[in-house]
Amino acid sequence: MSIADDAKQAVQGAVQGIMAKAVALAPDSWIPGGDPDPLIRERYGHVGKPLSRIDGALKVTGQATFAAEFSMDDMVYAALVFSTIAKGRIAALDTAQAGRAPGVVAVMDHRNAPRLAPPPVFMSAPKAANGDSLPIMQGDEINWNGEPVAVVLAETQEQANHAASLVRVIYEEAPALIALDEARARGMKPAVFMNQPLHNERGDAEAALAQADVKVDAGYSTPRHNHNAIELHGVTVAWQGDRLRIHDASQLVAHTAWSIASMFDLPEDKVIVTSPFVGGGFGGKCLWQHQVLAAMAAKQCGRPVRLVLSREGVYRVVGGRSPTEQRVALGADRDGRLTALIHTGLTVKTAANAMPEPFILPTRSAYASETLKLDVQVVELDMLANTFMRAPGEAVGTFGLESAMDELAEALGMDPVELRIRNEPEKDPSSGLPFSSRHIVEAWRAGARRFGWDRRDPRPGARREGEWLVGMGCATATYPYYRMPGGAARITLSRDGGAVVDIAAHEMGMGTATAQTQVAAERLGLPIEAVTFNYGDSTLPGIVLAGGSQQTAAIGASVGAAHRELVRELLKLAGNDSPLAGLKPEQVISRDRGLCKADELACRESYASILSRARQESVSVEAQGPPPLETMHWSMHSHAAMFCEVRVNAVTGEPRVSRFLGSFDCGRILNPKTATSQFRGGIIMGLGLALMEETHFDERKGRVMNPSLSEYHVPVHMDVPEIEVIWTDIPDPHAPMGARGIGEIGITGTGAAVANAIYNATGRRVRDLPITLDKLL
Ligand code: MOS
């Protein structure tokens, strides 16, 4: 097995929870700080500066090439035909008329599609693409309403779309399990997430609840959500000799190459997946059927293929977030100390899918409580496999938990901020591990001050301005720190002073390329302009998933390891004639275009001098990041305190968010400008979760009924108020560069902060998302 295979399996292993079988290594075998270079944790250079996006100019001038913009000679355009039944088989499929339509080059369906090996399993992509061994377009079986049944290829997109409308399909329908109540009646089963049960228990929480001085006990529900990145899922593919080239919009290029190679029975290096720019991912830009169908179609017709899912197509082919039904019950003594914390409920998934929406995750480490009971049950429906969507679990789980905390605060007659601070745990209440760094109380205090929380009237409905009822609410936000194994990076340093960092990582618009250029430049002691950060190509080293808010840590640890390797290599080249002669790599750091002795900066030699004496134009090293053992020893989470002000129209019920503030504690902030956008973007998505987003799923036919942005609502500019973002900026001593993830936390807590503000404004407690105006009349 190659190192790459090894690492890929390691990634898979981590994702599926094998890492959780704790590796019995002493904490000090993990380098504290995740970084052997102490100076990277100081502020002296590029890190921490608000550098503008290095890809900004390319994007605003239209020069950034997205997946569906690569032009290829002789390319054809694809359109898909989607199943209109949820379960059964194709009895007859007539493509003759489509085949005769203008411009049509070929029509592919299960009868003439190339034969494929079963897809390797990866996380939660759809049943027929990754979740199990069911192949793609290999037979007449239908597994969900919307499954692709034919691919039409034509000289133009319009011709392909027209011809797709001419394909006639006759189905033999089989009974499908689609309705939640029916599925529930047939029986639920315990949910398993990443190979771990979604279940925690400490003490007898139900008994403690029954005996509690003060208690709340309520049900909260959240709907299905679908992925709506601005950029549609699209791919341009070509077979070039024995190589398959895929221009994708991807959060996981290396893994996609590996998966597709195994389906087409190709050596992995024959599949090249690139993804230089992604117009939004949020968990949805992974491997679905469309990439595989495009590669099959290109093989079948012998020409390059561009396949862009229509907006409707995204709803049919790309899974979304599952609905949840949650119970949160809290018991407390009269001082507000929690004695019982119960968070249980139900979600849905498909039979072959490994992704039950893990809504209890945020509750595990949230509050000190004498007793705890957490549990997720699941039912399996015949539907498109669901998947990760930004802060899976935490986004909707914090809605239930943090709404309930607000209800408890009212029952106690206590300020909701104080209630949370009073229940701040000393160590992780579920795992018993110490926190790596947790400064949420500072975040609460700073946020409350800045937001003017003291101006809130705790009496619901007390503040009215004309037609508008005004209220304030707050909630805790949280998202775990992850770092998956498999990270590796290459650094090539040239005598002329430039450095190239190569890593198979991703830029989905969040600023990774910018922030990581800063980190690399700082580590290498080079100006920003001297560093090229190369990413988004499966042929580069490493397997780095842009997901779980873990990419920053994964890249940072890999580049750190490669830099240490570079120092070793340069010291060897420097030899005995260097001022650095005799120094060990651990004594040497990079500064000002060269190496120097860490505690005596004047003792130095420039890179150019070392390389010219060694008569080398450049030096190139590659290294893997250290194993991600930090989460074995510390409970690591990003935290935030969210504050919201709403205005609800007393006549129409229309809710408008008028102010929002997020006060974050996410470790060190590498780039305040890109970080602010990340936090704001998450909060905006959270406003949509609170007030608008809802997939309408027909429980008779299993079909999504609002597959378009005209009927599935997300916030637009007029829905988004001023959002203020502040942070503690306290480095986490156990995270590479001191930085925990910032990508997903913004959407957590936001739903509850809005709901709690609406309660404060109106006295209406809405426990069912989204909070639309009909629920406020
Ligand atoms: Mo995120 S839902 O892990 O891309």
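Remember, it's 1-based here, ligands and their atoms both numbered in the order they're listed.
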Quick test: of every protein heavy atom, which one is nearest to atom 3 (O) of ligand 1, and how far off is it to 0.1 Å?
G548 N, 2.6 Å

If you measure from each heavy atom of G281 to ligand 1, is any distance below 4.0 Å?
no

Suppose I only count heavy atoms of P392 and a 4.0 Å limit; which atoms of ligand 1 are within that range?
2 (S)

Less than 4.0 angstrom from a charged side-chain N to a carboxylate O is my criterion; do E380 and K349 meet it?
yes

Close side-chain approach of V253 to L540, heavy-atom, < 4.5 Å:
no

Answer yes or no: does an N/O atom from F388 fall short of 3.5 Å to an N/O atom of ligand 1?
no

With a cut-off of 4.0 Å, which atoms of ligand 1 are near a heavy atom of M389?
2 (S)

Give me the nearest non-hydrogen protein atom to atom 1 (Mo) of ligand 1 as residue plus atom name, then the distance to 0.1 Å.
E744 OE1, 3.2 Å

Say you draw a straight line from CZ of R483 to CD1 of I555; how long is it, rounded to the nearest 0.5 Å?
12.0 Å

Assess the side chains of T748 and T478: does a donor N or O sit below 3.5 Å from an acceptor N or O?
no

Q518 and N671 side chains, donor-acceptor separation under 3.5 Å:
yes

Is E231 paired with K285 through a side-chain N to carboxylate O contact shorter than 4.0 Å?
yes

May I have the list of side-chain donor-acceptor pairs in residues 735-743 shorter than 3.5 Å, sequence neighbours left out?
| residue | atom | partner | partner atom | Å |
| --- | --- | --- | --- | --- |
| R740 | NE | H637 | O | 2.7 |
| R740 | NH1 | S437 | O | 3.3 |
| R740 | NH1 | D732 | OD2 | 2.7 |
| R740 | NH2 | H637 | O | 3.4 |
| R740 | NH2 | D665 | O | 2.8 |

Distance from atom 2 (S) of ligand 1 to nearest protein heavy atom, with residue and atom
R390 N, 3.2 Å

Using distance alone, determine whether Y479 and ligand 1 share an N or O pair under 3.5 Å.
no

Using a 4.0 Å cutoff against the non-hydrogen atoms of F282, which atoms of ligand 1 qualify?
2 (S), 4 (O)

